[in-house]
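In what follows, a structure is listed as structure tokens, so that the remarks can point back to it.
As the structure lists them, so they are numbered: ligands from 1, and atoms in each ligand from 1.
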Amino acid sequence: MPRVTVTRRLRFNAAHRVHNPALSDAENAKLFGKCNNPNWHGHNYTLDVSVEGDIDEKTGYVCDLSKLKTIVEKEIVDVVDHKNFNLDVPFMREVIQTSENIVTAFWKILAPKVKPGKLARLVLWETENNYVEYTGR
Ligand code: NI
């Protein structure tokens with residue numbers, strides 16, 4: 001049975017400030033520059049959610065992408081869209097609010113929700129030019 005990876009793209013926007021509370025304000029400013037702006041800044045994020053699995057004989061699908069969309073909207077988009085990652089998103093409070101930490105937090109939430117498919121890859125675009133990718137390792 002061929003294994004195929006299917007991907008659904010979703011979008012949300014959110015604010016954050018990249019800040020390490022263990023460091024001084026001066027060190028944070030030097031390390032993170034504009035991303036450390038005390039009054040936040042925003043991004044239009046794009047999230048690509050990829051699920052791998054066998055092709056179902058009845059449907060010809062690996063998974064129904066509209067169902068995957070509904071799951072990701074409920075578990076992720078509804079929680080973070082139009083929110084501040086530092087203040088409003090409980091699972092991001094204890095880590096530095098970078099895309100790397102956001103994408104791994106998303107993984108923990110989504111991995112158990114996409115069965116019987118297997119979460120294969122998350123790609124989080126922070127800008128047109130910057131993205132992070134995580135495959136659960
Ligand atoms: Ni930023």
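Between the side chains of Glu27 and Ser24, at least one donor N or O lies within less than 3.5 Å of an accepting N or O.
Around the Ni ion (ligand 1), the protein atoms of type N, O or S found under 2.8 Å away are His16 NE2, His41 NE2, His43 NE2, listed by chain and number.
Side chain of Asn20 to main chain of Asn28: no donor-acceptor pair is present (N/O by atom type, distance under 3.5 Å, no hydrogens or angles). In this structure, the side chain of Asn101 does not engage the main chain of Gln97 through any donor-acceptor pair within 3.5 Å.
Using a cutoff of 4.0 Å between basic side-chain nitrogens and carboxylate oxygens, Arg8 and Asp48 are not scored as salt-bridged.
The local environment of OH in Tyr134 is crowded, with over 12 non-hydrogen atoms from other residues, nucleotides or ligands closer than 6.0 Å.
Here Phe106 and Tyr45 keep their ring centres 6.0 angstrom or further from each other.
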